[in-house]
Amino acid sequence: AFDQAIGRLTQLLSAAHLEEGRWHTRVRRALVVLLEQFDAEPDLVRLCVVESLRAGPRVQERRRQVLDALAAIVDEGRRESRAGSEPPPLTAQGVVGGALSVIHARLPEGALVELTGPLMALIVHPYLGAAAARAELKRPVPSPAHDNAPRPGGDPFKGLPIRFTYRTARVLATIAEEPGASNRHIADNSGVADEGQMSRLLGRLRDSGLIENRGQGQAKGEPNAWMLTDRGQAIHTAIAICVTP
């Protein structure tokens, strides 16, 4: 689920960054796309920025690859730096790490798109200098309500009564891939060793209207058979859609 969510965001960022314009203009455009997407889907930013820190080695490696790719985009600013004033080699990694820390700290408070100016100032300062950083701070900030890509049917996360995590996304992905999956199969695919923990998580997802049991269950000695509801499918789609290049 993390790979798919990251793939989706990467495509959005790439489309914005590859448009014509100078480096700082393309980076600002991509940053606005990212922050607006995070504002529209708060659980997506928690999955990518927060939950990925607590995930396993495979996700950690994927996260490192993504951060390296973002650092490479930031370091393109070196081409526009004045000769002799280029920043040190690890500047881009520090800028990306600092930007993520700011986003992480801001999560409980308000619209992330309002950070566009300060984050752009952080990004351009090492490459283009203080004057360019001040100019980024003065540029108008997009309205939090602005959305270039409205989603039909509204936000499926709105009013969700449970906290959405990487593990929750993995459970929904397993059921989406194999409708009718049993508790044990979902637990194995999601990395949940404790049967009681798996049962409680499935119960919360059922009570939240994201999954339903089509099996006979323990009452008749048969395994559960879990299916996504329409809302569960909408949420899974929101974090898992990744258009194949």
Side-chain angles (χ1 to χ4, degrees), residues 1-13 30-67 69-70 96-116 118-119 142 144-147 149 151 153-176 186 189-192 197-198 200-211 228-229 231-242:
F2 176 76
D3 283 346
Q4 294 168 326
I6 285 296
R8 179 175 167 225
L9 288 176
T10 299
Q11 288 198 336
L12 288 171
L13 292 175
L31 180 62
V32 169
V33 167
L34 177 67
L35 296 179
E36 286 186 329
Q37 196 68 27
F38 280 167
D39 280 335
E41 301 181 43
D43 286 286
L44 181 63
V45 64
R46 281 194 289 271
L47 177 65
C48 293
V49 177
V50 182
E51 296 297 332
S52 64
L53 292 171
R54 298 193 285 264
R58 186 185 64 79
V59 171
Q60 291 293 329
E61 174 60 20
R62 177 63 172 138
R63 185 176 188 275
R64 184 193 64 77
Q65 293 171 358
V66 170
L67 295 183
L70 292 175
V96 170
L100 284 177
S101 296
V102 172
I103 291 173
H104 193 164
R106 180 64 177 265
L107 284 181
E109 296 181 9
L112 293 175
V113 76
E114 294 175 357
L115 295 174
T116 301
L119 289 180
H146 178 67
D147 189 352
R151 290 164 297 284
D155 182 2
F157 292 98
K158 186 175 182 180
L160 193 66
I162 61 171
R163 181 169 169 266
F164 207 82
T165 67
Y166 171 79
R167 185 60 48 75
T168 309
R170 185 62 242 159
V171 169
L172 292 186
T174 298
I175 298 173
I186 297 169
N189 272 27
S190 305
V192 180
Q197 182 183 359
M198 187 74 261
R200 289 190 294 274
L201 176 54
L202 289 169
R204 289 196 294 271
L205 291 174
R206 178 200 60 213
D207 294 343
S208 299
L210 303 186
I211 62 175
L228 295 183
T229 63
R231 187 180 189 186
Q233 181 62 56
I235 287 178
H236 168 67
T237 301
I239 65 171
I241 286 179
C242 178

- Message: Whether R58 and E61 form a salt bridge (side-chain N of Lys/Arg under 4.0 Å from carboxylate O of Asp/Glu) is what I want to check.
- Response: no
- In terms of side-chain geometry, is the basic nitrogen of R106 or E114 positioned less than 4.0 Å from the acidic oxygen of its partner? yes
Note, [X] side chain near [Y] side chain (heavy atom, < 4.5 Å):
X: F38; Y: V49; value: yes
X: V102; Y: P118; value: no
X: L205; Y: I175; value: no
X: R63; Y: V66; value: no

- Where the side chain of N189 meets the backbone of V171, is there a donor-acceptor pair that is under 3.5 Å apart? no
- Task: Just jot down the salt bridge (Lys or Arg N to Asp or Glu O under 4.0 Å) partners of R46, sequence neighbours excluded, or say none.
- Result: D43
Could you measure the distance from the [atom1] atom of [X] to the [atom2] atom of [Y]? Nearest 0.5 Å is fine.
X: L112; Y: L35; atom1: CG; atom2: CG; value: 6.0 Å
X: E51; Y: T168; atom1: CD; atom2: OG1; value: 8.0 Å
X: I211; Y: L201; atom1: CD1; atom2: CG; value: 7.5 Å
X: L31; Y: E36; atom1: CG; atom2: CD; value: 10.0 Å
X: R170; Y: R167; atom1: CZ; atom2: CZ; value: 10.0 Å

- side chain to side chain contact (heavy atoms under 4.5 Å, CB included) between R64 and L67: does it pass, once the steps are laid out? CA-CA 5 Å; R64 184 193 64 77; L67 295 183; 5.8 Å; no
- Task: Can you sort out the partners of T229 under side chain to side chain contact (heavy atoms under 4.5 Å, CB included), two or more places apart, ordered by chain and number?
- Result: E212, R231
- Item | Those residues that, when tested against S208, pass side chain to side chain contact (heavy atoms under 4.5 Å, CB included) (two or more places apart) | P161, I162, L210
- Task: Could you tell me which non-hydrogen atom of A176 sits nearest to which non-hydrogen atom of L228, and how far apart they are?
- Result: CB-CD1, 3.6 Å
- Which pair of non-hydrogen atoms, one from S190 and one from T174, has the smallest distance, and what is that distance? OG-OG1, 4.0 Å
